[in-house]
Amino acid sequence: MPSPLLYQLLYVSTLHSDQPLTVVAEIARRARVANAERAIYGMLVFDGQRFCQLLEGDRRPVLSLADRIASDPRHQNVEVLHHGELKTRRFNGFRLAFTTGEEDMSLAHLAEFDGEAAVIAFDNLRERLPF
């Protein structure tokens, strides 16, 4: 039986307007547990309004998680910027790294990219974050 495909998915979304900001910490807490059960690694960035998350793991669990996020009422305007095979993990040590970023950081510009350009823009953002 072939080994599962290592896969990555990058998306942006907006916190639904009827959700309090306190729900963001709950999302991160629950995601850490669920991701650990599914061997999904990644990073979630929140700028006070928008989420950006890069997920990596076996293909099926990552795509299943993306479907759950897209139907989660706490998110709106979910847009997948990139998905595809991955040769090596970026986040071996993080089941879910989470940061709220800087006050002047906005994730709105990431939605302007897609494919590998979106991943490069995310990596550039990640370099500016406190990790």
Side-chain angles (χ1 to χ4, degrees):
M1 175 178 228
S3 63
L5 219 62
L6 192 56
Y7 204 76
Q8 66 181 344
L9 186 136
L10 176 66
Y11 76 89
V12 292
S13 68
T14 304
L15 181 65
H16 198 282
S17 59
D18 67 357
Q19 295 293 313
L21 286 177
T22 56
V23 77
V24 175
E26 180 65 14
I27 288 171
R29 187 187 66 74
R30 287 184 182 213
R32 281 190 180 112
V33 173
N35 289 1
E37 293 170 358
R38 294 171 184 86
I40 295 175
Y41 295 76
M43 178 177 228
L44 175 65
V45 180
F46 182 69
D47 71 0
Q49 182 180 3
R50 292 175 197 81
F51 296 96
C52 182
Q53 186 169 22
L54 182 64
L55 301 166
E56 50 188 47
D58 292 342
R59 185 177 189 273
R60 284 186 185 190
V62 167
L63 291 176
S64 177
L65 176 55
D67 288 343
R68 284 193 308 278
I69 291 166
S71 63
D72 186 330
R74 298 170 298 184
H75 294 264
Q76 61 185 16
N77 306 320
V78 177
E79 182 179 352
V80 174
L81 304 177
H82 172 76
H83 64 97
E85 292 182 25
L86 178 66
K87 292 182 182 173
T88 58
R89 290 185 185 266
R90 281 181 181 81
F91 300 105
N92 254 344
F94 297 117
R95 292 291 183 194
L96 178 71
F98 172 68
T99 185
T100 55
E102 300 293 322
E103 297 246 347
D104 62 346
M105 181 195 72
S106 171
L107 298 174
H109 75 284
L110 280 176
E112 299 169 9
F113 300 96
D114 62 0
E116 287 296 324
V119 175
I120 291 168
F122 181 83
D123 283 340
N124 289 337
L125 168 70
R126 187 171 60 120
E127 289 174 7
R128 298 188 335 249
L129 296 173
F131 281 99

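Being a predicted model, the structure only gives us computed values, none of them experimental.
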field: V78 versus S13, closest heavy-atom pair with distance
entry: CG2-CB, 3.7 Å
- prompt: Honestly curious: do L65 and L63 fall in one hydrophobic cluster under the side-chain, below-4.5 Å linking rule?
  reply: yes
- prompt: How many angstroms lie between CG in L81 and CD in Q53, if you round to the nearest 0.5 Å?
  reply: 12.0 Å
query: Would you say the side chain of V119 lies within less than 4.5 Å of the side chain of R90, judging by non-hydrogen atoms?
result: yes
statement: Of all heavy-atom pairs linking C52 and F122, the shortest is SG-CD1, 3.5 Å
- prompt: What distance separates H83 NE2 from R59 CZ, expressed to the nearest 0.5 Å?
  reply: 8.5 Å
query: How long is the gap from CG on D123 to CD on E116, to the nearest 0.5 Å?
result: 9.5 Å
query: What is the distance from atom CG of D58 to atom OH of Y7, rounded to the nearest 0.5 Å?
result: 12.5 Å
Minimum heavy-atom distance between P20 and L15, given as atom pair plus value: O-CD2, 4.1 Å
- prompt: If every non-hydrogen atom of I40 is compared with every non-hydrogen atom of P61, which pair is closest and at what distance?
  reply: CD1-O, 3.6 Å
query: Of all residues at least two apart in sequence or in a different chain, which pass the side chain to side chain contact (heavy atoms under 4.5 Å, CB included) check with N77?
result: T14
- request: Measure across L125 and L107 and return the closest heavy-atom pair with its distance rounded to 0.1 Å.
  value: CD2-CD2, 3.5 Å
field: Gap separating the CG atom of L86 from the OH atom of Y41, nearest 0.5 angstrom
entry: 12.5 Å
- prompt: With a 4.5 Å limit on heavy-atom distance, are the side chains of V12 and R50 in contact?
  reply: no
query: Is L54 close to Q8 at the side-chain level, that is, under 4.5 Å between some pair of heavy atoms?
result: yes
message: Test salt bridge (charged side-chain N to carboxylate O under 4.0 Å, His left out) on R74 and D72; report intermediate values, then the result.
response: CA-CA 5 Å; R74 298 170 298 184; D72 186 330; 2.6 Å; yes
task: Heavy atoms only: give me the nearest L21-G48 pair and the separation to one decimal.
output: CD2-O, 3.6 Å
query: Can you find a pair of side-chain heavy atoms, one from V23 and one from H16, that are under 4.5 Å apart?
result: no
message: Could you walk me through whether F51 and L44 satisfy the side-chain contact (heavy atoms from CB on, under 4.5 Å) test, starting with their C-alpha distance in whole Å, then the side-chain angles of each, then the deciding distance to 0.1 Å, before giving a yes or no?
response: CA-CA 7 Å; F51 296 96; L44 175 65; 3.7 Å; yes
